[in-house]
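Working notes, structure below.
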Protein chains: 2
Amino acid sequence: MEHITIKDIAKALNLSTSTVSRALRGSHEINPDTKRSVMEYAEKFNYQPNPIALSLKENKSRSIGVIVPEIDNPFFSQAINGIEDIAYNKGYQVVIFQSHESYEREVINTQHITSRRVDGLLISLSGQTTNVEHLKNLHDKGLPIVLFDRISDEIDTHKVISDNFEGSFNGTEHLIKTGRKRIAHIAASPHLSISKERVKGYLAALAKHNIPVDESLLKYCNYGLQDIEFVIDQLFSNETPPDAIFTASDRLALGCLSTLKKRNIKVPEDIALIGFTNLKVAALLAPSLSTIVQPALDMGKRSAELLFDLIENTSKLPKSYRTFKLYTELIVRNSSVMKSDEE
Amino acid sequence: MEHITIKDIAKALNLSTSTVSRALRGSHEINPDTKRSVMEYAEKFNYQPNPIALSLKENKSRSIGVIVPEIDNPFFSQAINGIEDIAYNKGYQVVIFQSHESYEREVINTQHITSRRVDGLLISLSGQTTNVEHLKNLHDKGLPIVLFDRISDEIDTHKVISDNFEGSFNGTEHLIKTGRKRIAHIAASPHLSISKERVKGYLAALAKHNIPVDESLLKYCNYGLQDIEFVIDQLFSNETPPDAIFTASDRLALGCLSTLKKRNIKVPEDIALIGFTNLKVAALLAPSLSTIVQPALDMGKRSAELLFDLIENTSKLPKSYRTFKLYTELIVRNSSVMKSDEE
DNA sequence: TTGTATGCGTTATCAC
DNA sequence: GTGATAACGCATACAA
């Protein structure tokens, strides 16, 4: 892969590299003729400045790192879509890493990230992560970081989340209002901020409607299909099984739907189902599933925008960091069932 | 984001940068004591070599570019998962671009890719792409390229695909053998290699079983949900609607399932459905959908491995390029229905 | 207006 | 065994 350099142009045109550089950069302190001839030559031989040389010089890479638990998760792939969108417009490249829900892998990834000299980091924590020293260190060293979705209180930076409490509260209350009495909640890893908030919302809705909490209806679940099958079988081995399930994520909703089908438990006839999902999954699952829609794409975009704000203003200190809550939207489906329940 | 350099170490230890460099690289022509003290200092202050400087020197970036139509598509996100896996082990970073099924965007992305000096390119063509000069150019300039899934005959390089013809043939034949007479096929963009191969397989299966081709049952469809709804409504406005639908991708299968549900057409009671999907989607949709499973993860891994082969052997010419076909797997579900149909 | 010199971080090539 | 120097591609302070 050969590339033409400024030096080549200079040689060909009998100029110095600095003159060529100036011409290319559109400097005004240059002879219009020289400029034109340089531009023509550059055009003709498809000159493209070497970004690596620039990076070395300016000590920045024009790339941002993104660490997500799994790329192959509808929520995160859609968030990355949004991130890529913003980065593309800013002329940055997006470098992807997966933690695979492993704390160790996340730590290793943060090391790679810094050794790669990315200009900023977007991260959603792994389900195993309880200690965030690895991120604190980076942040203390001045790396702009934005946390999204799965955040930690211990890091003082911008964060973007959806309104997990409210979404969870609304979803649970919807189930209550449609007559459900035994509402199970399947949450993701108990370490995650999103899990905690969603459980809070679930409990708050039950409390508001004076429904006693049954601990056996609150399950934490990994993302594997076996895990969710196990959890659902547990729920249904209960003396009085749930009449509704509220799941905390895309994957759990999908897994739940599939397991229920396997077990021949009909949704929504036998059991009501509502899930936190991103917009695309919600659309695809319509109309069998009511959903609390998380703005995955927007979360990606918003996070990236905030990160670029930080990157482009690293000089301006001190910053005041904020946590941005994006609205969730409750989409109610199976209206026929709703009606019968509402009587 | 401050980083310690070789120069810093040299200054601190009263050595020259070359000595430090040698010590760090584990050269043998060096005093063991010097080496140890350098290593200790580097360890203590967490020295990390600057990959950008390395890149400039070696004229390679230790990164590979990946261009996919949409990250947020289960097939591609899983393929990227595989790519990331291999790249991670090789110590390469993965830079992601989306063409958004747009030819123009794809061309622009290839320009970005080269300007970024990636060491290789993995690409799956956009649905609009018919002209591949932009890739030919890069390839002629010596950039290692591997095409996967959506390929073009016009580029002479390694390619990795699933056995689209066979998968399609088997899926269609399965529908025929279970008694279906009017089998519709919903394909993706007609420009795509995968579409062509799958249509061929579909037609071949019909031909083998002496089923006349009904042009009105063969539809090409974009990925938007509106598009698929439109197509399905078209199919069912037919005087004699289909009794089976064979869809050509994850997205089409999901969209089809969702639309049929919306229209209150029951699967598999009213209509049999079979789709090309990746493993995870197949698992999630079980047991409602029989699937021709494409090895998305493996395709990502295999493509990345081949790309690294090319990257690491750029000196060895000439190469003989190959097209690797990965097996698809037919997973038959709804066995109860099958039985009744098989009688 | 243009050219020369320097530096970004690293390693390779030469000297000593 | 160690150090000085050049080079990768570019931008810029300074000199002309």
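First the proteins, then the strands, lettered A, B, ... as listed; each starts at 1.
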A:R36/A:D33 under salt bridge (charged side-chain N to carboxylate O under 4.0 Å, His left out): CA gap, chis, key distance, verdict: CA-CA 5 Å; A:R36 186 155 25 77; A:D33 291 341; 2.7 Å; yes
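Residue-environment remark: CD (A:E104) stays at or below the threshold of 12 foreign heavy atoms within 6.0 Å.
For the OP1/OP2 pair of C:dT11 and a distance below 4.0 Å, the side-chain nitrogens and oxygens of B:R25 include at least one atom meeting the criterion. Not one side-chain nitrogen or oxygen of A:T19 sits closer than 4.0 Å to the OP1 or OP2 atom of C:dT2. Between A:S21 and D:dA11, a side-chain N or O to OP1/OP2 separation shorter than 4.0 Å is present. The phosphate of D:dC8 has neither OP1 nor OP2 within less than 4.0 Å of any side-chain N or O from A:T5. In this structure, A:T34 does not reach the C:dT1 phosphate: none of its side-chain N or O atoms is under 4.0 Å from OP1 or OP2.
Rounded to an integer number of Å, the gap from A:R62 CZ to D:dC10 P is 16 Å. Atom CD in B:Q48 sits about 11 Å away from atom P in C:dT10, given to the nearest Å. Atom CD1 in A:I6 sits roughly 11 Å away from atom P in D:dT12 (whole-Å rounding). Distance B:R22 CZ to C:dT11 C1': 10 Å, rounded to the nearest Å.
Taking CD1 of B:I123 as the start and CG of B:L307 as the end, the distance is 12.0 Å to the nearest 0.5 Å. A:T129 OG1 to A:E101 CD: the interatomic distance, rounded to the nearest 0.5 Å, is 8.5 Å. We find the CD1-CZ distance between B:I71 and A:F76 to be 14.0 Å, quoted to the nearest 0.5 Å. Note: A:S115 OG to B:Q93 CD = 8.5 Å, rounded to the nearest 0.5 Å. Separating the CG atom in A:L297 from the CZ atom in A:F75 is a distance of 10.5 Å, to the nearest 0.5 Å.
The side chain of B:I30 approaches D:dT2 more closely than any other nucleotide in the set D:dG9, D:dA11, D:dT2. Of the candidate nucleotides C:dT11, D:dT2, C:dT1, C:dT1 has the atom lying nearest to any side-chain atom of A:N31. Proximity note for B:E29 (side chain, C-beta onward) versus D:dC10, C:dT1, D:dT2: the nearest is D:dT2. The side chain of B:S18 sits closest to D:dT5 out of D:dT5, C:dT2, D:dG1.
Proximity of a side-chain donor or acceptor of A:R105 to a complementary backbone N or O of A:P69 within less than 3.5 Å is not detected. With hydrogens and angles ignored, the 3.5 Å screen pairs a side-chain donor or acceptor of A:D119 with a backbone N or O of A:R62. Looking at A:S193, its side chain does come within 3.5 Å of a backbone N or O of A:I151 through a donor-acceptor pair.
Both key distances under 3.5 Å define a Watson-Crick or G-U pair, and stretches of 3 or more such consecutive pairs in DNA chain C run C:1-16 with D:1-16.
Under the 30°/60° scheme for interplanar angles, the aromatic rings of A:H158 and A:Y321 are found to stand perpendicular. Aromatic ring orientation, B:H112 versus B:F97: parallel (interplanar angle below 30°, classes split at 30° and 60°).
A heavy-atom distance below 4.0 Å to DNA chain C is reached by these residues of residues 7-15 of chain A, ordered by number: A:N14, A:L15. A heavy-atom distance below 4.0 Å to DNA chain D is reached by these residues of residues 50-60 of chain A, ordered by number: A:N50, A:A53, A:L54, A:K57.
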